[in-house]
Amino acid sequence: MSAQSGLAASLSAKELQLVPPQAARLSSISLPGSRGIRPPLKWAGGKRWLVSHVAALYDQHRNKRLIEPFCGALAVTLGVLPDKAILNDVNSHPINFYNRLKRGLKVSIDMVNDEEFYYRHRQEFNNLILANREDSKEAAELFYYLNRTGYNGLCRFNKRGLFNVPFGKYKNISYRYDFSDYASVFKDWYFVNGDFELLDVTSKDFLYADPPYDVEFRQYAQQGFDWQDQVRLADWLAIHRGPVVVSNQATERIIELYKKRRFTIAILDAPRMISCTGDRAKAKEILAYRNI
Ligand SMILES: C[S@@+](CC[C@H](N)C(=O)[O-])C[C@H]1O[C@@H](n2cnc3c(N)ncnc32)[C@H](O)[C@@H]1O
């Protein structure tokens, strides 16, 4: 396997510098222990644990705009807190929600951790999708409620594009109604909905890409992102003339993909476990970077 870099080991001092002063003032949304701002959504594959690693690379480029083509729950951007950012995802619902947060969203629907109530709100959300009103304030509020109350914070749709995540059965949920503190954090961040390749980036931008994981031994592609998309992404990142960082599951073919394109490779232990020939082992994550 590829060289283990000294990256992870050298991070703790830098970690302490993560939070610009404005974050400390936003106490209602800042995370304990100086680790940036609390992501308002739950997300499969969220990368909070990678924040210190990406921050160590971004800190040398703080004057640059941060581009996240696969922003998901914003865990990394909210940890790194750039002044300027372009945050993209192919999923329109979190993007609508963030655009509403930028405008100081205050949730006006009731939010209750109850099964019947959940399925009623899920139906209302799907009615908005069917009526092409998925970019409305109401859709953003319902999306937040479903994200907190549904099973594991999953965001899954059926073939008709309707949200089909079951009730989450959590004991307690604390809902936030007032998101106005996020407006100042998001002021110079722009949210875009589309495929990563449509993004308009310049050589002055710092790119951090966290695509859906490569799943080597399964037939289906996770979230519709197959091997050809992984190759398309690696090619797109390799022609970027500015600094670029990408994370992914450290499968053999992903390591090869980025090695061939002259990326520096670091292999990290992810906090999740995988089952490996009957044993439980820590999953390996790749952090590949260039032009840093
Ligand atoms: C691993 S998640 C990103 C998680 C994020 N880094 C975080 O910490 O919350 C991958 C994201 O890529 C998005 N995605 C999938 N295919 C995409 C595409 N072709 N272009 C842009 N985004 C895509 C998914 O909707 C998902 O939110």
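Atoms within each ligand, like the ligands themselves, are counted from 1 in listed order.
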- Item | Ring centers of F125, H93 separated by less than 6.0 Å | yes
- When the ring centroid of Y98 is compared with that of Y182, is the distance short of 6.0 Å? no
Please determine if [X] has a nitrogen or oxygen closer than 3.5 Å to a nitrogen or oxygen of ligand 1.
{"X": "N91", "result": "no"}
{"X": "F225", "result": "no"}
{"X": "D89", "result": "yes"}
{"X": "F196", "result": "yes"}
{"X": "N88", "result": "no"}

- Identify which of N248, I95, D210 has a heavy atom lying nearest to atom 3 (C) of ligand 1. D210
- Under 6.0 Å from the CZ atom of R103, do we count more than 12 heavy atoms belonging to anything else shown? no
Show me which atoms of ligand 1 lie under 4.0 Å from any heavy atom of [X].
{"X": "C71", "value": "5 (C), 7 (C), 9 (O)"}
{"X": "D195", "value": "18 (C), 19 (N), 20 (N)"}
{"X": "G194", "value": "20 (N), 21 (C)"}
{"X": "A73", "value": "7 (C), 9 (O)"}
{"X": "G46", "value": "7 (C), 8 (O), 9 (O)"}
{"X": "P69", "value": "21 (C), 22 (N)"}
{"X": "G72", "value": "9 (O), 27 (O)"}
{"X": "L74", "value": "9 (O)"}

Please determine whether residues [X] and [Y] belong to a single hydrophobic cluster, defined as Ile, Leu, Val, Met, Phe, Trp and Tyr linked transitively by side-chain heavy-atom distances below 4.5 Å.
{"X": "Y170", "Y": "L142", "value": "yes"}
{"X": "V112", "Y": "Y177", "value": "yes"}
{"X": "Y144", "Y": "L162", "value": "yes"}

- Measure the acute angle between the ring planes of F196 and F70, then classify it against the limits of 30° and 60° as parallel, tilted or perpendicular. tilted
- Mind checking whether F167 and Y119 have parallel, tilted or perpendicular rings, split at 30° and 60°? tilted
Give a yes/no on ligand 1: does [X] have at least one heavy atom closer than 4.0 angstrom to it?
{"X": "P39", "answer": "no"}
{"X": "S247", "answer": "no"}
{"X": "D229", "answer": "no"}

Side chains of [X] and [Y]: do they bring a donor and an acceptor to under 3.5 Å?
{"X": "Y175", "Y": "T149", "answer": "yes"}
{"X": "D226", "Y": "Q230", "answer": "no"}
{"X": "S247", "Y": "Y208", "answer": "yes"}

- Have a look at ligand 1 and work out which part of P94, if any, has a heavy atom under 4.0 Å from it: side chain, backbone, both or neither. neither
- Query: For ligand 1, does W43 get within less than 4.0 Å through its side chain, its backbone, both, or neither, judged by non-hydrogen atoms?
  - Reply: side chain
- Message: If you compare all heavy atoms of V231 against all heavy atoms of L257, which two are closest, and at what distance to 0.1 Å?
- Response: CG2-CD1, 4.0 Å
